[in-house]
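Take a look at the structure set out below.
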Amino acid sequence: MNSSLEYPVPSRVQHPLGQASRRGPLRAGEHVQITDPKGRLHTVMLVPGGQFHSARGSLNHDDIIGQPEAVTLFDGEREFQVVRPLQTDYVMSMPRGAAIVYPKDAAQIVAFGDIFPGARVLEAGVGSGALSMSLLQAVGTTGHVHSIERRADFAKIAQGNVDLWFGGRHPAWEVSVADFNEVALALEPESVDRIVLDMLAPWECLEAVEHALVPGGVLTVYVATVTQLSRLHEDVAGTRRFTRPQVWESSIRTWHLDGLAVRPDHRMVAHTGFLFTARKVARKSVPQQRGHRPAKAAEGLEGQWNAEDDWEDNTELNPVVSQKKVRRSIRDVSAKSREWLSHEDSEPLSLEDSAGSSAVNTDKASGDREEESLE
């Protein structure tokens with residue numbers, strides 16, 4: 001754990017973790033998901049004496065605390081269903097600094113990246129912690145996930161989100177605020193089973209990836225645009241250290257079910273990013289060559305994106321996240337962590353305008369949302 005983060009480190013937990021620790025009646029300090037009469041989802045943290053309010057009714061937290069999960073409560077004739085949120089629900093409503101990796105993509109990274117129990121995983125670009133949760137659940141307590149993030153403020157938000165989900169610091173998780181290349185090149189050669197990159201210019205890390213990844217290990221990269229994908233493919237092929245990559249994207253379209261009205265929903269989560277996987281070849285070997293000829297128009301041309309430099313500093317490619325939003329997210333997760341997780345030797349979070357922030361918002365749902373769609 002990088003001490004420069006000044007984040008309150010909760011006590012490490014062994015068993016159980018995450019949802020496994022939340023069996024039984026609903027308790028104070030837990031997140032619950034309330035579905036109102038119109039089907040809207042609200043994520044709320046239960047607080048003794050607190051209240052949930054919406055345009056369609058209200059509930060007292062004391063009436064929810066102690067109830068079994070999946071209970072239906074009433075405000076007059078209006079029904080509200082209360083359950084513990086699934087990880088996908090929690091991810092979509094948690095405080096954010098950087099954009100999250102959507103659950104549909106995180107699930108495919110775990111599956112097609114072959115993240116197995118006990119795996120040694122190196123993750124670059126921790127963002128808000130959404131993907132880290134999926135990786136940690138996959139490796140379990142016997143594996144190791146080392147998450148690397150350049151920005152300390154994003155790392156603080158991610159730590160708070162992940163700690164709140166697991167109920168403490170996951171014993172398999174290590175977080176560093178550093179440059180990926182520096183961390184990966186300092187590792188023992190071929191000591192990492194899987195590497196997951198979520199960054200703007202992943203081709204700049206290929207030498208470090210090749211150094212750290214075991215032969216046959218899987219490199220998984222998440223990129224958002226065609227330009228990034230093309231440049232990445234050209235540079236990976238140029239190293240001659242990886243197998244021919246697999247590339248795909250996924251879209252999810254939910255369906256409307258209401259009596260005889262069975263049809264696709266009008267909104268969907270479409271393109272969020274491309275997933276790119278390749279496996280490292282043995283050092284004394286070379287990747288398999290396949291017989292195919294490029295189009296004549298492409299013969300003799302260098303990579304079309306090679307002239308693009310300074311991707312990280314280009315604000316058109318890498319939009320700037322509002323510092324006000326980042327500070328608000330840090331205050332939110334830090335306050336909840338201090339309130340509901342036990343800490344040992346914790347130090348105060350150093351934020352200039354953290355004074356006056358409320359530990360828990362009891363007046364309204366903290367994650368009132370509808371299913372998100374991308375333009």
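The residues of the chain are indexed from 1 along the displayed sequence.
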* To do: Look only at the side chain of K104 and the backbone of I252, and say whether a donor-acceptor pair between them is shorter than 3.5 Å.
  => no
[X]: partners by side-chain contact (heavy atoms from CB on, under 4.5 Å), with sequence neighbours left out:
{"X": "S134", "result": "Q87, A106, V110"}
{"X": "R279", "result": "V218, T243"}
{"X": "E79", "result": "T72, F74"}
{"X": "K284", "result": "none"}

Is there a side-chain contact between [X] and [Y] (heavy atoms, below 4.5 Å)?
{"X": "Y90", "Y": "M133", "answer": "yes"}
{"X": "L41", "Y": "T35", "answer": "yes"}
{"X": "W203", "Y": "E234", "answer": "no"}

How would you list, by chain and number, every residue that makes a side-chain hydrogen bond (donor to acceptor under 3.5 Å, both in side chains) with [X], sequence neighbours excluded?
{"X": "D62", "result": "none"}
{"X": "E249", "result": "H271"}
{"X": "S132", "result": "E123"}
{"X": "H146", "result": "S176"}

* Asked: What heavy-atom pair brings L213 and L219 nearest, and what distance separates the two atoms?
  ->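 It is CD2-N, 4.1 Å.
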* For A178 and I148, work out which heavy atoms get closest and say how close. =>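 Where A178 meets I148 most closely, the heavy atoms are O-CG2, 3.4 Å.
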For [X], salt bridge (Lys or Arg N to Asp or Glu O under 4.0 Å) partners two or more places apart:
{"X": "E190", "answer": "K280, R283"}
{"X": "D179", "answer": "R150"}
{"X": "R27", "answer": "none"}

* Evaluation steps, salt bridge (Lys or Arg N to Asp or Glu O under 4.0 Å), between R151 and D153 -> CA-CA 6 Å; R151 294 186 52 168; D153 48 2; 2.8 Å; yes
* Summary of ring-ring contact (aromatic ring centres under 6.0 Å, His included) pairs that have at least one residue in residues 222-255, sequence neighbours excluded ->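 Output for this query lists F112-W248.
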